[in-house]
Amino acid sequence: MQFDELSQLYNLPLFDLIQRARKVHEAHWPKNEVQLCTLLSIKTGGCSEDCSYCAQSARYSTGVSAESLMDKDEVLQQAHLAKSQGATRFCMGAAWKGLRDGTQRFEKVLDIVSSVSRLGMEVCTTLGELGETEAVKLKQAGVTAYNHNIDTSPEHYPDIVTTHTFQDRLNTLRHVQDAGISVCCGGILGLGEGRDDRLRMLEVLSSFNPQPESVPINSLVPIAGTPMGDSDDSHQVDSFEIVRMIALARIALPKAKVRLAAGRLQMNQELQALCFFAGANSIFYGEKLLTTGNPQAKADLALMAKLGLKPLEPNLHLEAPQPDESRPLSPALA
Ligand code: SAM
Ligand code: DTB
Ligand code: SF4
């Protein structure tokens with residue numbers, strides 16, 4: 001969907017926008033289901049990159065210390081726990097710039113992935129940059145989805161990160177898609193971006209061919225010690241802007257799971273309900289994101305019960321969305 005069309009929709013009266021999004025939602029997701037994804041940071045802190053929102057960059061003093069890659073048994077224990085609490089997707093994150101084939105850490109990750117993939121949950125990883133070979137090997141090991149966010153517009157990206165480029169992100173996404181892994185790609189609201197940056201981000205996401213299988217919409221969790229966490233609260237995103245972005249993502253990416261991602265601790269239940277109504281159908285589930293908190297699992301289940309929402313069953317044979325052959329494949333390699 002092009003910028004101008006997104007802009008027209010964004011500027012509709014809120015209820016008109018929600019009504020349009022609701023129609024799309026009902027057509028593609030008629031069953032009142034919400035995907036429950038549990039995160040685990042398998043390698044925390046000490047990251048070489050300078051993403052100005054991130055608790056795990058080695059460049060900022062955030063109180064998060066660098067740890068080594070978790071042992072497989074510990075990961076498996078956490079994965080079992082997540083499954084017993086009702087998670088249907090298990091997402092393992094690592095604070096790395098990226099991964100290279102032939103390294104010990106890559107071998108260890110492949111081993112972890114193949115064990116987790118036998119537990120009956122969808123397996124997602126977010127490990128930074130990948131090349132073609134790494135993507136293919138992760139797919140063979142059992143990864144169903146790969147999370148790699150574009151985070152904001154291409155124009156605003158260099159104000160947020162300087163150690164890699166927007167194009168680097170697109171290249172990894174291309175490799176992931178080529179390997180037949182579903183792409184999970186979204187961004188963060190509250191990075192000092194303007195409305196046009198938010199629309200541009202959605203324009204880029206909706207132009208992917210195939211479109212992402214899931215789209216996390218994070219609200220900045222301010223981390224003291226990072227450039228974004230230390231600025232004043234002008235970054236705080238207005239509740240209705242979040243709803244508008246969810247609605248717009250639903251319209252622009254009708255088949256994607258739209259995830260109401262980081263930032264839910266700052267949202268009341270009524271706002272979350274409005275986001276579900278406007279098109280969100282996925283959440284991070286469990287008390288911890290990567291380094292920060294998330295609502296209690298019990299509280300989320302209670303909210304879903306009050307709203308009549310059910311957990312979405314996992315799709316263990318999740319096939320990556322197929323490209324539309326009338327359009328060029330994208331994201332493109334430069
Ligand atoms: N290192 C990998 C990468 O950069 O893709 C994986 C982990 S990284 C923490 C995954 C995503 O989490 C980021 O792209 C960003 O969208 C989100 N994220 C990180 N810190 C955040 C924060 N403080 N508030 C909101 N979202 C955040
Ligand atoms: C995504 O879009 N959000 C998640 C996940 N993908 C990896 C991470 C949110 C992190 C929030 C801050 C933290 O806990 O450090
Ligand atoms: Fe590293 Fe990812 Fe955090 Fe950037 S967002 S500093 S790449 S862990």
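For ligands, and for the atoms within them, numbers begin at 1 and follow the listed sequence.
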message = Contact between ligand 1 and Ala94 is defined here as a heavy atom of the residue under 4.0 Å from a ligand atom; is it met?
response = yes
inquiry  = Quick check on atom 2 (Fe) of ligand 3 - does any protein heavy atom sit closer than 4.0 Å to it?
reply    = no
key: Close-contact set for ligand 2 against Pro216 heavy atoms, below 4.0 Å   = 2 (O)
query = If hydrogens are left out, which of Asn147, Leu289, Leu220 has an atom nearest to atom 7 (C) of ligand 2, that is, the closest non-hydrogen atom?
reply = Asn147
request  = Using distance alone, decide if ligand 2 has a nitrogen or oxygen within less than 3.5 Å of any nitrogen or oxygen in Gln56.
outcome  = no
query = Counting only heavy atoms, which portion of Ala55 has something under 4.0 Å from ligand 1: side chain, backbone, both, or neither?
reply = neither
query = Closest non-hydrogen protein atom to atom 23 (N) of ligand 1, residue and atom name please, with distance?
reply = Val221 O, 2.9 Å
message = At under 4.0 Å between heavy atoms, is it the side chain or the backbone of Thr292 that contacts ligand 1, or both, or neither?
response = neither
ask   = Within the structure, does Ile223 bring an N/O atom to less than 3.5 angstrom of an N/O atom in ligand 2?
value = no
Test applied, side chain to side chain contact (heavy atoms under 4.5 Å, CB included); reference residue, Thr144; option that passes from Glu122, Glu213, Met121 = Glu122
inquiry  = I need the nearest protein heavy-atom contact for atom 8 (S) of ligand 1: residue, atom name and distance, please.
reply    = Leu290 CD1, 4.5 Å
query = Would Arg100 count as a cation-pi partner of Phe106, with NZ or CZ less than 6.0 Å from the six-membered ring centre and within 45° of the ring normal?
reply = no
message = Below a 4.0 angstrom heavy-atom separation, can you tell me which part of Pro216, side chain or backbone, both or neither, approaches ligand 1?
response = neither
request  = State whether a side-chain donor-acceptor pair under 3.5 Å links Asp50 with Thr162.
outcome  = yes
ask   = Atoms of ligand 2 less than 4.0 Å from Thr291 heavy atoms?
value = 13 (C), 14 (O), 15 (O)
key: Location of contacts on Arg169 toward ligand 1, heavy atoms closer than 4.0 Å   = side chain
query = Looking only at non-hydrogen atoms, which of Cys54, Cys47, Ser219, Gly263 approaches atom 25 (C) of ligand 1 most closely?
reply = Ser219
request  = Below 4.0 angstrom from a heavy atom of Leu39, which ligand 2 atoms are there? Numbered from 1 as shown, please.
outcome  = 4 (C), 5 (C), 7 (C)
task = Consider only side-chain N and O atoms of Thr165 and Asp168, and report whether a donor and an acceptor are under 3.5 Å apart.
result = yes
request  = Between Thr226 and ligand 1, find which residue part has any heavy-atom pair under 4.0 Å and reply side chain, backbone, both or neither.
outcome  = neither
key: Which segment of Ala261 sits under 4.0 Å of ligand 2 when only heavy atoms are counted   = neither
task = May I ask you to list the atoms of ligand 2 that are less than 4.0 angstrom from any heavy atom of Asn218?
result = 1 (C), 2 (O), 3 (N)
task = Enumerate the atoms of ligand 2 whose separation from the nearest heavy atom of Phe284 is less than 4.0 angstrom.
result = 1 (C), 3 (N), 4 (C), 5 (C), 6 (N)
query = Looking only at distance, does Thr126 have an N or O less than 3.5 Å from an N or O of ligand 2?
reply = no
query = Nearest protein heavy-atom contact for atom 4 (Fe) of ligand 3: which residue, which atom, what distance?
reply = Cys51 SG, 2.3 Å
ask   = Is ligand 1 under 4.0 Å from a heavy atom in the side chain of Ile188, in the backbone, in both, or in neither?
value = side chain
query = Can you list the atoms of ligand 3 that are under 4.0 Å from a heavy atom of Cys47?
reply = 1 (Fe), 6 (S), 7 (S), 8 (S)
ask   = Using a distance-only test with no angle check, is there a side-chain donor-acceptor pair under 3.5 angstrom linking Gln77 and Asp73?
value = no
key: Taking atom 14 (O) of ligand 1 as the reference point, the nearest protein heavy atom with its distance   = Asp151 OD2, 3.1 Å
note = Closest to atom 8 (C) of ligand 2 among protein heavy atoms sits Leu290 CD1, 3.7 Å
